[in-house]
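In this chain, residues are counted from 1 in sequence order. What you see is a predicted model, and the numbers here were worked out from it, not measured in a lab.
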Amino acid sequence: MDLLEIVLFLLLCAVTLGWLARRLNFPYPIALVIGGAALGFLPELPLFPFDPHFILVLVLPPILYQAALLTSWRDFKANIRPISLLAVGLVIATTLAVGAALKLVVPDIPWAAAFVLGAIVSPPDAVAATAILTGLNVPRGVVTIREREGMVNDASGLVLYNFAVAAVMTGTFSFLDASAQFVAVAVGGVIVGVLLGRIFVFIHRYLGDVFIEVLMTLSVPYITYIFAEYLDVSGVLAVVAAGLVRGRYAPEIVSAEMRIIARSVWNLLVFLLTSVVFILIGLQLSGIIGRLTGYSATELAFYGTLVSAVAIAVRFAWIYPATYLPRMVSARLRERNPAPTEAELFIMSWCGMRGIVSLAAALALPLALDGGAPFPGRDLIIFLTFVVITVTLVLQGLSLAPLIRTLHVGTDWSGHEEAQHARFALGKAAIAAIDELAAKEKVPAGTAERIRAEFAEKVRIAPSGRHVLSGGADVANRLRSAAIRAERQELIRIWRENKISDDVLHQLEEDLDYQESRS
């Protein structure tokens with residue numbers, strides 16, 4: 001089977017697993033991990049030859065960039081303390097705890113290699129969490145912290161991963177040198193990302209072609225990642241920074257047509273990359289297990305159970321003290337930001353599903369050291385990564401819905417209220433624009449009234465009841481376009497004034513995009 005046939009086979013598998021997930025009403029990450037594992041044990045399946053580093057470069061930049069694009073600055077700043085504790089502190093704690101657990105049960109593995117596994121499984125996955133939490137009755141605060149944490153912890157986990165892999169490759173490690181290098185790499189990556197993000201925003205304003213704009217948007221994360229890595233700074237943080245910068249300007253510089261196309265392209269790309277990586281690991285799983293001849297099935301099952309239990313337990317052991325201790329010390333914090341309920345804390349602790357980022361990092365492990373010796377414990381690390389992903393996705397992912405019902409976790413309606421207030425403001429702006437243009441161009445009363453009635457529902461203003469005339473289609477379209485432009489301007493204004501979150505912005509922006517495409 002040649003390369004083209006293998007690629008077509010992977011795409012066919014992705015389509016099949018995606019279809020099964022939809023038919024069975026399963027979150028697609030769970031279907032992918034189960035389906036990928038099953039594929040690995042089918043007889044006489046071909047192996048897909050790939051460069052491990054290429055997988056990392058192919059998969060991570062677009063996933064991190066999309067998450068950064070959709071990040072709400074207002075929610076991020078409002079929850080900066082818990083997000084930082086989870087995305088940095090918990091990632092470091094998980095790396096150390098999982099690494100120590102692996103070293104305890106497998107004494108022969110080097111400490112650096114054990115910490116490689118810890119860094120790989122330390123960041124819970126934002127893509128998996130969003131896919132599983134969608135449609136569940138989860139409070140907005142829990143979802144916000146979990147999704148924003150997912151974006152930042154990917155970056156911090158991958159930076160730790162790079163340092164751990166470098167320690168394995170060189171055989172040396174200095175805490176002071178690593179700390180200084182960590183700061184330099186992180187700061188350098190952020191600076192590069194911010195600068196490139198602003199450059200791409202400037203270029204975008206002058207493209208003037210929807211398809212070129214979409215193509216450039218797809219190119220930005222790869223260009224940013226590769227350029228940052230060339231400068232020996234963090235490509236991961238550079239991509240995140242570039243996405244955050246561009247996300248702040250996107251509502252003003254991106255057209256409705258471009259957003260509609262880009263939204264579909266991005267969703268397809270992330271789904272395709274996620275599917276292919278899960279299938280790739282599945283195809284290699286039987287070979288990996290076959291090479292782990294030094295361990296019995298009982299030992300492998302025990303190692304996988306232990307590492308998974310540690311990864312899950314560390315999140316509980318971190319979240320509860322991180323929630324209560326600061327409030328015990330600071331009365332101001334208790335008053336300004338009351339602690340979540342016990343049920344919400346448990347759900348937040350249980351939402352530690354691992355996914356595509358961990359899998360891509362495991363697949364990207366070098367095959368050999370610089371001297372030619374095999375990378376120590378590579379097959380065991382990949383196997384244990386897959387076990388942790390499977391356990392967390394299946395056990396935690398499938399149990400979330402019944403847990404939420406059992407714990408009687410309530411819905412936070414603040415986002416719904418924000419959207420309602422925003423729709424009211426947009427409707428008023430639209431009607432004002434219709435009236436202004438109708439008076440300016442002396443539009444027939446019936447035509448103006450008909451278009452006005454389309455937007456009146458948003459502010460619950462009933463039309464005056466005058467007889468509706470047919471009017472000219474061209475005049476009606478101009479009125480409708482003027483109303484949509486006014487709504488978009490009002491939406492951006494109230495967003496800039498922090499009256500609505502980015503989530504509400506994106507929700508209403510999508511509605512306006514489709515209205516504009518039909519006008």
How long is the straight-line distance from [atom2] of [Y] back to [atom1] of [X], given to the nearest 0.5 Å?
X      : Y      : atom1 : atom2 : result
Leu426 : Leu512 : CG    : CG    : 6.0 Å
Gln66  : Leu269 : CD    : CG    : 8.5 Å
Thr224 : Ile199 : OG1   : CD1   : 9.5 Å
Asp513 : Arg263 : CG    : CZ    : 5.0 Å
Ile356 : Ile63  : CD1   : CD1   : 5.0 Å
Ile191 : Ser234 : CD1   : OG    : 12.5 Å

Looking at [X] and [Y], would you say the former's side chain and the latter's main chain have a donor-acceptor pair under 3.5 Å?
X      : Y      : result
Thr392 : Ile389 : yes
Arg246 : Arg198 : no
Ser156 : Ala87  : yes
Tyr161 : Ala361 : yes
Ser358 : Arg354 : no
Gln396 : Trp350 : yes

*Return the set of residues passing side-chain hydrogen bond (donor to acceptor under 3.5 Å, both in side chains) with Glu490 (not counting sequence neighbours), or none when no residue passes.*
Arg493
State, yes or no, whether a side-chain contact exists between [X] and [Y] at a heavy-atom distance under 4.5 Å.
X      : Y      : result
Val307 : Val387 : no
Phe163 : Phe115 : no
Leu365 : Ile120 : yes
Ile347 : Cys351 : yes
Met169 : Phe375 : yes
Leu273 : Pro62  : yes
Glu516 : Ser255 : no
His204 : Met258 : yes

*How far apart are the C-alpha atoms of Phe211 and Ile261, what are their side-chain angles, what is the distance that settles it, and do they pass the side chain to side chain contact (heavy atoms under 4.5 Å, CB included) test?*
CA-CA 8 Å; Phe211 294 104; Ile261 297 173; 4.2 Å; yes
_Taking the six-membered ring for Trp, are Phe346 and Phe316 closer than 6.0 Å centroid to centroid?_
yes
Tell me the closest heavy-atom pair linking [X] and [Y], and the distance in Å.
X      : Y      : value
Arg378 : Leu363 : NH2-O, 3.3 Å
Pro251 : Leu505 : CG-CD2, 3.8 Å
Val116 : Val168 : CG2-CG2, 3.9 Å
Ile494 : Ala422 : CD1-CB, 3.9 Å
Leu17  : Gly35  : CD2-CA, 3.7 Å
Leu58  : Tyr222 : O-OH, 2.8 Å

*Carefully, step by step, assess Val239 and Val220 under the rule side chain to side chain contact (heavy atoms under 4.5 Å, CB included).*
CA-CA 8 Å; Val239 169; Val220 169; over 6 Å; no
*asked:* Before you tell me yes or no, could you show the steps for Phe200 and Thr217 under side chain to side chain contact (heavy atoms under 4.5 Å, CB included), namely the whole-Å CA-CA distance, both residues' side-chain angles and the distance that decides it to 0.1 Å?
replied: CA-CA 9 Å; Phe200 285 122; Thr217 301; over 6 Å; no
*Partners passing side-chain contact (heavy atoms from CB on, under 4.5 Å) against Val88 (at least two apart in sequence or in another chain)*: Ile92
*Any Lys/Arg nitrogen of Glu510 or Arg259 sitting under 4.0 Å from an Asp/Glu carboxylate oxygen of the other?*
no
*Run the side chain to side chain contact (heavy atoms under 4.5 Å, CB included) check on Thr323 and Met348 step by step: do they pass?*
CA-CA 11 Å; Thr323 300; Met348 194 181 301; over 6 Å; no
*Distance only, no hydrogens: is a donor on one side chain within 3.5 Å (strictly under) of an acceptor on the other, for Thr94 and Trp318?*
no
